[in-house]
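Following: one structure in structure tokens, then a few remarks.
One-based numbering, in listed order, for ligands and for the atoms of each. Heads up: numbering here begins at 1 and tracks the sequence. We use all heavy atoms of the structure for the numbers below, so side chains are in, but hydrogens, waters and symmetry mates are not. The structure displayed is predicted, hence computed values, not measured ones.
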Amino acid sequence: MGLQPVNRFPAARPTEDARLLVVSNRLPLTLQRTEEGWKTGRSSGGLASAMDPFLRKGEGEWIGWSGDAGEQGNLERRAILAEWAEKERCFAVDLPEEVAAGFYEGYANRTLWPVFHNFPSQLRFDAKSWEAYVEANRIFSDKVVERYKPNDLIWVHDYHLMLLPQMLREKLPDAAIGFFLHIPFPSSEIFPVLPRREELLEGLIGADLLAFQTHGHLQQFRAALLRVLGLESKIAELALGSRPVRLEALPIGIAPEEYTHLLKSDDKTAQHYAEWVERYRGRRVLLAVDRLDYTKGVPERLRTYTHLLRSSPGLKEKVVLIQIAVPTREAIDTYQELRTEVNRLVGEINGKLGTPDWTPVVYINRSIEKSELVALYKLADVCWVGPLRDGMNLVAKEYVACKPEGDGLLVLSEFAGAAAEMGEALLINPYDEDRTAETIARALALDEQERRQRMTALHRRVLRNDVFHWGDRFLAALQAAASERGRYADTQPERLRPSEIHDAYVGANRRLLILDYDGTLVPFARRPQQAFPPAAALDLLNALGADSKNRVVIISGRSAENLERWFGTVQGLWLVAEHGTELRDPSAPKWEILRPQSTSDWKTTVMPILEHFVDRTPGSFVEEKKYALVWHYRMAEPEFGEWLANELVSMLEAMLAETELRAFRGEKIVEVKPVWANKGEAVERLLSSYADPDFIFAAGDDRTDEDLFNRLPERAWTVHVGSGPTRASFVTPDFQSLRRLLALFAEPWGARQAS
Ligand code: ADQ
């Protein structure tokens, strides 16, 4: 349906015990087909422990992919999934095999993952995988809609499900929907290379709350919104036409108890520890724990380690690097190549630098148990966390949690999200092998007092900012964002239903319809000449104009020639050019100038200034109209364009202060024109030439249309297209929704013709 009543999204009213629906690619339970039959496993990750209390408190639910893509009809498997639902409140989403492969190994991990980690050279894309990604998100959305109850809070996790917020918004307009991105958001230079980037951003902004690991990632997201969708945002909010989207940086933490408990009172952990202390006696232990992913910097670390051993002969037989690498995404070629490279490097170091009594790198290429992991954290003198890029990196926090006495030392890549809040670590650039080797040597030699100071500060912070604190903050922000939606709606124009406006239209006999063109009937074109009206828009105007009860007017900032060329053939259409300087009555032989005495001599003074700005701003240009000069910067780099536009306006304001000219900011333009040349001026003329209309309708999208709304009588139906403040009595999200409403107006005429 065309027009959106502005209050369509009332505040969700989450109560104290609102249920939580967690939606993530994987559930905290896993299903595996083994030789003995189906096996269920449980992940004890931080996310699962963090969500647990929330899920229990309000009878929440977890929705995620079961992880296996076949045998959906298998009865035994179905019984297990039914038991998960009943006992664990975990609801499995089944994905057909082809969808699962295209979604997970395809678009999510071959396309999104590399781009979001600033590795565009690893990007692989094919349209089929994209379709699978869309389909998988759709299947998820069906499942969420099926499980949803009013007042639930929906929390969507991570890059696999970026289309889900908007898909849910369409089906559950009142729901409180939050999204958390676990991985980084790419820089604004890299994001635009992503195929289907517009759809992804549009998918995300269906949420009430979008949260990122760091403030830096949030800033990159805002830059992408501006550059790709042309949407300006504030630091903590994006204002869409009918609702706000709250933006937050919420760094994830760990559940420290999961580690400290093992550290203090687990026999297996103690046993591993005792064994390894013995084994590595007399040696300093460097520890690295990663998924074997190219973003984690494993080959870089191994090369740096070689460098360290070569440049510090004193470390020979005195140090050992334990590299734990969990296999991951092995169906993807890049990961297989990485595995081969790491094997080769480990072999080379041990073969060339090792001795009969000393293996410099202990390489473990499998998942290890938590008791082993904790024992290793306790053992390690230095934890070497060196990702080339990482959303957060939990290993850094887990290691610190396992050092309650302030021993050990954390060496941390400045490209991990964790670096933003773990400044007491020794920070490295993992690409710089020389300097990183120096930092590792320094870490091994650091005096105890400094080491303890650094580690104690980190320890306190990791314990304080744990994953429960993170979950609380996210949910509080989501509740606040959802209720903000209601408050925001109150500040918008009066509520109105499309059926009401349609009834008024049908009941009227003398209708005046005044329509802006660019941004109102069609989207903005990058160059004004390119915006030739599509057949759909012309058909609509023809259909509306053919009804003898209608007078239809196009009112635009464009020149008379331009409007004549495009709309000259539309029967009975009135045209107003240059925001109200010239008007054409279709029955008159020529255009009428509304202020014939006005001159345009001023252009010779203003033009050189605008040309100077064109020289400074690649992609911008000047358009000359009869009564106006316009500097367009839509194609310029967005932030630079905005900055220069401000500068230009303040320069022109000073210069034009004593004249009848003014400089106006519009949608990516600065326009210089006489103060009288505005759409309000034309309204007087239109109303005087069409006495007593009983239905007045006006639609427009930018500031120039506010003059129009302002001069129309109270009873007029005024519609603002898009976001931002307005005097109109109605808002509608975009040109498509307005066109749908106009098509509805045109319908009775079409129906009559047909009968
Ligand atoms: P990951 O890329 O998986 O997570 P990370 O944050 O380091 O990266 O988490 C890895 C987890 O796996 C840690 O809990 C670690 O203990 C565990 N682990 C690693 N090696 C293991 C092994 N051999 N055996 C058993 N367990 C092992 C994504 C983002 C991160 C972000 C997290 C959470 O890429 O940047 O920090 O989500 O938001």
Tell me which protein heavy atom sits closest to [atom], plus the residue, atom name and distance to 0.1 Å.
atom	answer
atom 24 (N) of ligand 1	I368 N, 2.8 Å
atom 13 (C) of ligand 1	E398 OE2, 3.2 Å
atom 7 (O) of ligand 1	L394 N, 3.5 Å
atom 19 (C) of ligand 1	V289 CG1, 3.4 Å
atom 23 (N) of ligand 1	I324 CG2, 2.9 Å
atom 37 (O) of ligand 1	H182 CB, 3.8 Å
atom 20 (N) of ligand 1	V326 CG2, 2.9 Å
atom 30 (C) of ligand 1	D390 OD1, 3.4 Å

Short list, please: which atoms of ligand 1 are under 4.0 Å from a heavy atom of I252? 38 (O)
Quiz question: by atom type and distance under 3.5 Å, do the side chains of Q219 and R222 form a donor-acceptor pair? yes
Distance alone, cut at 3.5 Å: any donor-acceptor contact between the side chains of Q323 and D290? yes
Do protein heavy atoms approach atom 11 (C) of ligand 1 to less than 4.0 Å? no
Atom 34 (O) of ligand 1 touched by protein (heavy atom, under 4.0 Å): yes
Mind checking whether [X] has an N or O less than 3.5 Å away from an N or O of ligand 1?
X	value
L373	no
G391	yes
K296	yes

Using a heavy-atom cut-off of under 4.0 Å, does the side chain or the backbone of R291 touch ligand 1, or both, or neither? side chain
Could a heavy atom of E369 be found less than 4.0 Å from some atom of ligand 1? no
Using heavy atoms and a 4.0 Å limit, tell me yes or no: is R366 in contact with ligand 1? yes
Gap between atom CZ of R196 and atom CG of L163 - 0.5 Å precision: 11.5 Å
